[in-house]
Protein chains: 2
Amino acid sequence: MTTVSRALNGYDDVSETTRARVIDAAQAAGYRPNPVARRLALGRAEAIGLVLPRSVGDFVDPFFTELLRGMASVFEDANLDLIVTAAPEGPAELRVYRRLVEGRRVDGLIVARTRSHDERIEYLLDQDFPFVCHGRTGSDRPHAYLDMDNEGGFLEATQRLIGLGHRRIALINAPMNLAFAQARLIGYERAHADAGIEIDRTILCESDLNEESGHDIANRLLDFDEPPTAMLCASDFTALGVMRAVKARGLEIGVDVSIIGYDDIPLAQYADPPLTTMHQQIHRGGARVAEMLLARLAGTPPEDLQEVWPPRLVSRATDGPAKPIKTPQEFVEATT
Amino acid sequence: MTTVSRALNGYDDVSETTRARVIDAAQAAGYRPNPVARRLALGRAEAIGLVLPRSVGDFVDPFFTELLRGMASVFEDANLDLIVTAAPEGPAELRVYRRLVEGRRVDGLIVARTRSHDERIEYLLDQDFPFVCHGRTGSDRPHAYLDMDNEGGFLEATQRLIGLGHRRIALINAPMNLAFAQARLIGYERAHADAGIEIDRTILCESDLNEESGHDIANRLLDFDEPPTAMLCASDFTALGVMRAVKARGLEIGVDVSIIGYDDIPLAQYADPPLTTMHQQIHRGGARVAEMLLARLAGTPPEDLQEVWPPRLVSRATDGPAKPIKTPQEFVEATT
DNA sequence: TTTTCTTACCAAAGGGTTTTGGTAGAAATA
DNA sequence: TATTTCTACCAAAACCCTTTGGTAAGAAAA
């Protein structure tokens with residue numbers, strides 16, 4: 001039995017002739033090692049967990065399918081099962097994590113959609129349990145993560161709008177408990193500070209990342225006496241909702257109001273007009289996060305597993321030069 | 001040990017006092033049963049598998065996240081792990097299934113996006129392995145499935161368009177190897193046969209279920225000498241592409257060309273104009289498929305686990321009465 | 001020739017459950 | 001009172017691997 005086990009698992013203290021005999025015999029007998037027995041003997045679950053956020057009611061953005069598919073093949077090649085569960089944010093979520101960790105059902109976890117104060121992460125750190133985050137968190141204890149440079153992305157997008165002459169740029173952010181929303185706000189603020197522009201806090205909003213909330217928020221903003229000339233959105237779906245609201249008022253997108261989205265969903269390029277947005281490599285990010293977790297399990301310290309990837313601004317047709325603002329002073333200045 | 005096991009697993013031959021003592025002691029000692037040891041003793045994997053199709057390159061439709069979330073909670077309540085992998089259609093796909101089945105990594109499988117001739121299903125039937133399909137297949141051997149009534153759905157949609165006076169209705173179907181594409185074609189054909197309308201086979205097309213291919217096909221159709229007055233689409237994304245093509249030519253949607261989609265993605269209601277489409281309860285379908293698999297594992301014969309759910313036509317603004325067709329005869333008829 | 005090292009293999013223990021096949025005692029029945 | 005049934009509990013076997021701690025034989029070094 002020993003030799004069979006070692007032959008099948010590629011140990012080097014079994015001669016190639018013996019190994020071949022074992023493999024042939026296994027083949028002939030239709031023998032397949034029992035993974036469960038293997039796991040018991042090894043003391044490992046040979047599985048990785050991923051908990052999908054179960055947001056209220058409707059479709060999750062395609063983000064997770066994409067991330068999932070990126071990870072799946074990496075784990076499959078490493079002979080690890082990927083266990084997927086779903087939990088609504090809140091106490092039930094942490095219970096799911098506990099079940100996976102304390103029930104020894106997984107060897108490691110991927111934590112997606114991190115929050116700025118994230119009890120999942122504190123819990124996993126307390127337990128000294130291997131995990132990799134997709135997105136950062138506020139915790140100052142070292143842990144592995146792959147994050148998109150949300151701050152840099154929004155810095156760049158904001159700078160672009162400022163460069164086009166916009167001075168009243170609304171920020172339609174994601175819910176502020178999400179880590180990336182905070183980072184994006186900072187990028188937005190930095191761009192303003194660098195340009196010496198004061199921010200009007202009344203045009204800073206939070207959306208639910210879907211079309212409808214983008215639409216509603218845009219309508220509110222457009223009702224202002226002095227509406228923003230540009231809107232920077234947390235997701236492409238939000239941006240699509242904003243576009244719908246802008247169009248409904250007979251305003252021209254990219255002329256009267258500039259809009260920039262985030263994610264570069266496939267639909268973005270086919271929107272009318274095509275949406276300027278930030279592209280992230282979600283699929284490759286998923287694969288990379290999986291690789292990082294593999295490294296973590298192999299003993300790489302978390303400090304060495306921290307990456308930040310830059311998003312890429314995809315310039316299309318929803319942003320354009322700001323129209324001259326019609327405040328009295330500027331009107332006077334412009335006409336003299 | 002025996003009593004502890006039986007107490008913790010809810011057997012009825014242990015007194016409630018003993019059970020309480022066991023539970024208290026377990027709590028105090030921080031004892032948690034080892035699921036891997038349990039699986040070995042039970043001879044079960046306590047896991048269910050789902051293989052995502054890895055279509056070329058880009059985002060999968062949100063369909064799968066939705067299905068996944070529907071299933072996840074059912075399996076979690078049943079103490080089963082849901083193992084997700086991804087495989088491209090083709091020989092690699094079957095290899096993934098074999099690994100899961102023959103490697104005894106799962107107790108049952110969910111097979112989604114069935115094809116009319118589906119070697120996965122033949123394989124699982126050959127192996128006498130428990131599974132439930134989401135969608136039907138051509139196999140005449142009994143097996144469990146939950147399917148949407150694609151034939152009925154397209155029958156209804158086609159009848160609606162015929163009722164609006166349309167006589168040249170293009171069918172922009174899904175790839176014909178998918179089971180639901182065949183069913184939809186049949187529904188489409190039946191509606192025509194019932195109304196005594198001959199079908200022009202040149203306006204029957206296959207799309208890739210995404211925006212772009214809908215756009216391209218619509219453009220081809222609109223180049224015809226006698227273009228169709230209505231287009232029935234395999235998915236909402238396809239329909240959005242069709243809408244883009246129609247708008248680009250200055251035609252009015254719902255007036256010059258009627259369009260009906262399928263899926264009722266959240267964006268459908270916010271499209272311009274809002275898209276008429278078929279709604280399916282994907283989330284609830286996922287939960288139901290999971291329940292059916294549980295029943296299957298408990299011994300319910302597959303014949304008793306076959307359900308067909310009707311989709312619901314959601315009437316919005318992309319379909320309208322057909323414009324009078326300007327063929328010579330009809331022109332004469334109309335003017336006399 | 002003797003000793004040491006290396007290679008190739010193996011027996012037994014260990015991992016943590018559940019199930020099988022019981023037993024003992026109390027309660028119900030004859 | 002004698003017998004049967006039921007309830008509550010338990011010891012040992014079984015599940016199928018991997019690891020530990022060897023041994024034997026051949027090759028290399030002394």
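Numbers restart at 1 for each chain; the letters A, B, ... are given by sequence-line order, proteins then strands.
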Please work out which residues in residues 36-43 of chain B have a non-hydrogen atom less than 4.0 Å from an atom of DNA chain C and list them by number. B/Ala37, B/Arg38, B/Leu40, B/Ala41, B/Leu42

Base, sugar-phosphate or nothing for B/Ser15? Non-hydrogen atoms, less than 4.0 Å. sugar-phosphate

Check whether any side-chain nitrogen or oxygen of A/Tyr11 sits under 4.0 Å from OP1 or OP2 of D/dT19, and answer yes or no. yes

Examine the side chains of A/Asn34 and B/Arg39 and answer whether a donor and an acceptor come within less than 3.5 Å of each other. no

Assess whether a salt bridge exists between B/Arg44 and B/Asp107, defined as any Lys/Arg side-chain N lying under 4.0 Å from an Asp/Glu carboxylate O. no

Within the structure, does a side-chain N or O atom of A/Thr18 lie under 4.0 Å from either OP1 or OP2 of C/dC9? yes

Report yes if at least one side-chain N or O of A/Thr2 is closer than 4.0 Å to OP1 or OP2 of C/dC9; otherwise report no. no

Please report the distance, rounded to the nearest Å, between CD in B/Glu16 and C1' in D/dT7. 13 Å

With a 4.0 Å cut-off on heavy atoms, is B/Arg32 in touch with a base, just the backbone sugar-phosphate, or nothing at all? sugar-phosphate

Per side-chain contact (heavy atoms from CB on, under 4.5 Å), B/Leu109 is matched among B/Leu50, B/Val101, B/Ile48, B/Ile83 by B/Val101

Rounded off to whole Å, could you give me the CG-to-P distance for the A/Leu8 and D/dC17 pair? 9 Å

Quick one: does A/Ile121's side chain get under 4.5 Å of A/Phe131's, heavy atoms only? yes

Minimum-distance nucleotide (side-chain atoms of B/Asn9 versus D/dT19, C/dT18, D/dC9): C/dT18

Quick check on D/dT19: is either OP1 or OP2 less than 4.0 Å from any side-chain nitrogen or oxygen of A/Ser5? no

B/Asn34 CG to D/dC17 P, in whole Å, measures 17 Å

Separation of atom OH in B/Tyr31 from atom C1' in C/dG15, rounded to whole Å: 12 Å

Between C/dC9 atom P and A/Asp12 atom CG, what is the distance in whole Å? 12 Å

Check: A/Thr17/A/Ser15 side-chain N/O donor and acceptor closer than 3.5 Å: yes

From CE of A/Met1 over to C1' of C/dA8, roughly how many Å is that when rounded to an integer? 18 Å

Minimum side-chain heavy-atom gap B/Tyr31-B/Leu8 below 4.5 Å: yes

Do the side chains of B/Leu294 and B/Leu80 get nearer than 4.5 Å, heavy atoms only? yes

When B/Arg104 and B/Arg21 are each assigned the nearest nucleotide of DNA chain D, the 5'-most assignment goes to B/Arg21

Whole-Å distance, B/Asp13 CG to C/dG25 P, equals 18 Å

Whole angstrom is fine here: how far is it from CZ in A/Arg44 over to P in D/dC16? 21 Å

